[in-house]
Amino acid sequence: FAADWETVHYPPKESDEDPKYRLDANHSHFLLVEGSEWGGEVEFRSFLEKRHNCPKLLLVVGGGPVTINIILLKVRDKTPIIIMKNTGRVAELLDQCNSLWKSTQN
C-alpha cells in the first residue's frame, strides 16, 4: 500500500472522495510502508517475514507485474505457492505454463 505521505483515515471519513487511501474496515491490522509505487512494500515485508521467522504461504489470485516479482522472491525463499486457476492475469499465465510443462513430461 503506497500512500506517498498522504494522511490515511481509518475508518474513512464520509466526505473522503478518493478511494485510493481508504482502508477496509473488515481488516484488523494494516502494514503501511513508505513509498509511492505499487510493490514498494514487498522487500520490507520479506525482511519482516525473515526476521520474525513466521510461517509463509503465497496465494496467487490474478496478479500483475508486481506479483511476478513477489513470486520470484518467494521461490528463492522456498515459500510454498498456491496458484488459483481461472483468476486471470499472472495466475492464468502460470497455470498455462504449468500445463504446458506437464504435457512435455509424458
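- Rounding to the nearest 0.5 angstrom, the gap separating the CG atom in Leu72 from the OG1 atom in Thr67 is 12.5 Å.
- Proximity of Ile83 to Glu92: side-chain heavy atoms (C-beta onward) are nowhere separated by under 4.5 Å.
- Shown here for Lys74 and Ser46, the closest heavy-atom pair between the two residues is NZ-OG, 3.6 Å.
- In this structure, CG on Asp77 lies 4.5 Å from NZ on Lys50, to the nearest 0.5 angstrom.
- The shortest distance between side-chain heavy atoms of Ile70 and Leu58 falls below 4.5 Å.
- Using a 4.5 Å heavy-atom threshold, the side chains of Ile68 and Val90 count as touching.
- Minimum heavy-atom separation, Pro65 to Arg89: CD-NH2, 4.1 Å.
- Taking the side chain as every heavy atom from C-beta outward, Val75 and Ile71 approach each other to under 4.5 Å.
- The shortest distance between side-chain heavy atoms of Val60 and Met84 does not fall below 4.5 Å.
- Remark: Ile81 CD1 to Lys56 NZ distance equals 11.0 Å, nearest 0.5 Å.
- Residues Val61 and Leu57 share a single hydrophobic cluster, defined by chaining ILVMFWY side chains whose heavy atoms lie under 4.5 Å apart.
- A distance of 7.0 Å separates NE2 in His52 from CZ in Phe47, rounded to the nearest 0.5 Å.
- Closest of all the heavy-atom pairs between Ser103 and Leu100 is OG-O, 2.7 Å.
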